[in-house]
Amino acid sequence: MKRAVARHLLYPGSFDPPTLGHLDLIRRGHALFPSLTVAVLRNGGKNPLFSVEERVGLLRGMTRGMRGVDVASFDGLLVDYLKRFRAPVVLRGLRVVSDFEYEFQMALMNRKLDPDFEVLYLMPDERFSYLSSSLVREVARLGGSVSRFVPAEVARRVHEALRPRGAGAKRVAGKAPV
Ligand code: COA
């Protein structure tokens, strides 16, 4: 096994939208590693609320002032993207037991693809263990406030993105409702 000092933490995800749970994990990861890249997945295959560029912008706003933290996007295999970094370690959150099965499968597949693949799991604060981006989208879509679940600017943008503009308004990620 190759031994190297791990210098860079990489936090991949879809972040549609980024939540206070994601921010909690970024803070925890950053407390352990001086440099951290939040990487927004491009080829997510979901029907996104925000474009990748919008999500990158939201995450940059959330992490402004955190030295050593940057935000990027990637597509293709995670293990290929990791090759750009020196001795990278992937950060993932474990909120509830059910996360474990998915993460376990993903980690082992990644390790099959690249034997050097290494991942660090951190638990977000229990206040956020129920939180997910799709629940935030659903609450907002059904008229509830999401201000307790996401940073203020993200809440504003979520509500703005979902605000109906006339009957039949439909939003395409990155564009105003038409
Ligand atoms: N707080 C709040 N919500 C959290 C959270 C936290 N700390 N951690 C995860 N979540 C939520 C997310 O909001 C998301 O919610 P949603 O499903 O309701 O939208 C859900 O948990 C999934 O988390 P996310 O981090 O977005 O992971 P993902 O499953 O969408 O993406 C990748 C995981 C990006 C790491 C993975 O798909 C990947 O590596 N893709 C690249 C292609 C590849 O290499 N494939 C082979 C992998 S074996």
Side-chain angles (χ1 to χ4, degrees), residues 8-33 36-56 58-59 62-63 66 69 71-85 88-142 144 146-155 157-158 161-162 171 173:
H8 198 85
L9 199 56
L10 194 118
Y11 183 24
S14 33
F15 305 106
D16 186 38
T19 67
L20 290 176
H22 292 128
L23 183 59
D24 180 73
L25 215 66
I26 293 168
R27 286 196 176 121
R28 286 171 195 279
H30 190 222
L32 298 173
F33 283 67
L36 184 157
T37 297
V38 184
V40 180
L41 177 65
R42 278 198 173 271
N43 50 347
K46 295 178 186 169
N47 183 19
L49 177 61
F50 291 109
S51 69
V52 169
E53 287 67 29
E54 286 174 316
R55 284 177 260 161
V56 166
L58 291 171
L59 282 158
M62 286 162 64
T63 56
M66 294 170 74
V69 175
V71 185
S73 64
F74 76 107
D75 54 18
L77 285 175
L78 179 61
V79 288
D80 288 338
Y81 180 59
L82 290 174
K83 291 186 179 122
R84 297 177 184 204
F85 302 89
V89 172
V90 167
L91 170 65
R92 296 287 293 168
L94 285 180
R95 291 163 298 171
V96 285
V97 176
S98 54
D99 278 349
F100 176 77
E101 230 172 291
Y102 173 61
E103 293 296 335
F104 185 68
Q105 220 181 343
M106 207 157 54
L108 291 186
M109 173 57 88
N110 278 318
R111 195 167 285 161
K112 286 276 176 247
L113 296 171
D114 181 352
D116 287 334
F117 179 84
E118 217 49 89
V119 55
L120 175 74
Y121 298 104
L122 294 179
M123 274 181 280
D125 191 295
E126 67 203 31
R127 286 178 297 147
F128 307 124
S129 58
Y130 61 91
L131 205 49
S132 77
S133 299
S134 52
L135 280 182
V136 167
R137 293 198 301 272
E138 184 172 335
V139 168
R141 220 168 244 138
L142 297 174
V146 298
S147 57
R148 275 174 300 158
F149 315 130
V150 296
E153 174 60 11
V154 178
R157 295 282 300 279
V158 169
L162 292 170
R171 187 178 197 270

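Read the numbers this way: they start at 1 and go in the same order the structure lists the ligands and their atoms.
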Looking at [X], which atoms of ligand 1 are within less than 4.0 Å of one of its heavy atoms?
{"X": "M109", "value": "48 (S)"}
{"X": "S134", "value": "16 (P), 18 (O), 19 (O)"}
{"X": "G76", "value": "41 (C), 42 (C)"}

Using the six-membered ring wherever Trp is involved, compare the ring planes of F85 and H8 and label them parallel, tilted or perpendicular (cut-offs 30° and 60°). parallel
Short N/O distance, under 3.5 Å, between L131 and ligand 1? yes
Are any of the heavy atoms in G93 under 4.0 Å away from ligand 1? no
Contact with ligand 1 for D16, non-hydrogen, under 4.0 angstrom: no
Working to the nearest 0.5 Å, report the span between CD1 of I26 and OH of Y11. 6.5 Å
At under 4.0 Å between heavy atoms, what of L77 touches ligand 1? The answer is both
Does ligand 1 have a heavy atom under 4.0 Å from the side chain of L78, from its backbone, from both, or from neither? both
Is the backbone N or O of [Y] less than 3.5 Å from a side-chain atom of [X], with the two atoms forming a donor-acceptor pair by type?
{"X": "T19", "Y": "G21", "answer": "yes"}
{"X": "R137", "Y": "S132", "answer": "no"}
{"X": "R95", "Y": "P124", "answer": "no"}

For residues V154 and P17, report the shortest heavy-atom separation together with the two atoms involved. CG1-CB, 3.8 Å
If you take the nearest heavy atom of each of F117, Y102, Y130, which one is closest to atom 29 (O) of ligand 1? Y102
Check each of M106, R92, Q105 against atom 48 (S) of ligand 1 and report the one with the nearest heavy atom. M106
List for me each residue that meets side chain to side chain contact (heavy atoms under 4.5 Å, CB included) alongside D80, sequence neighbours excluded, and say none if there are none. L77, K83
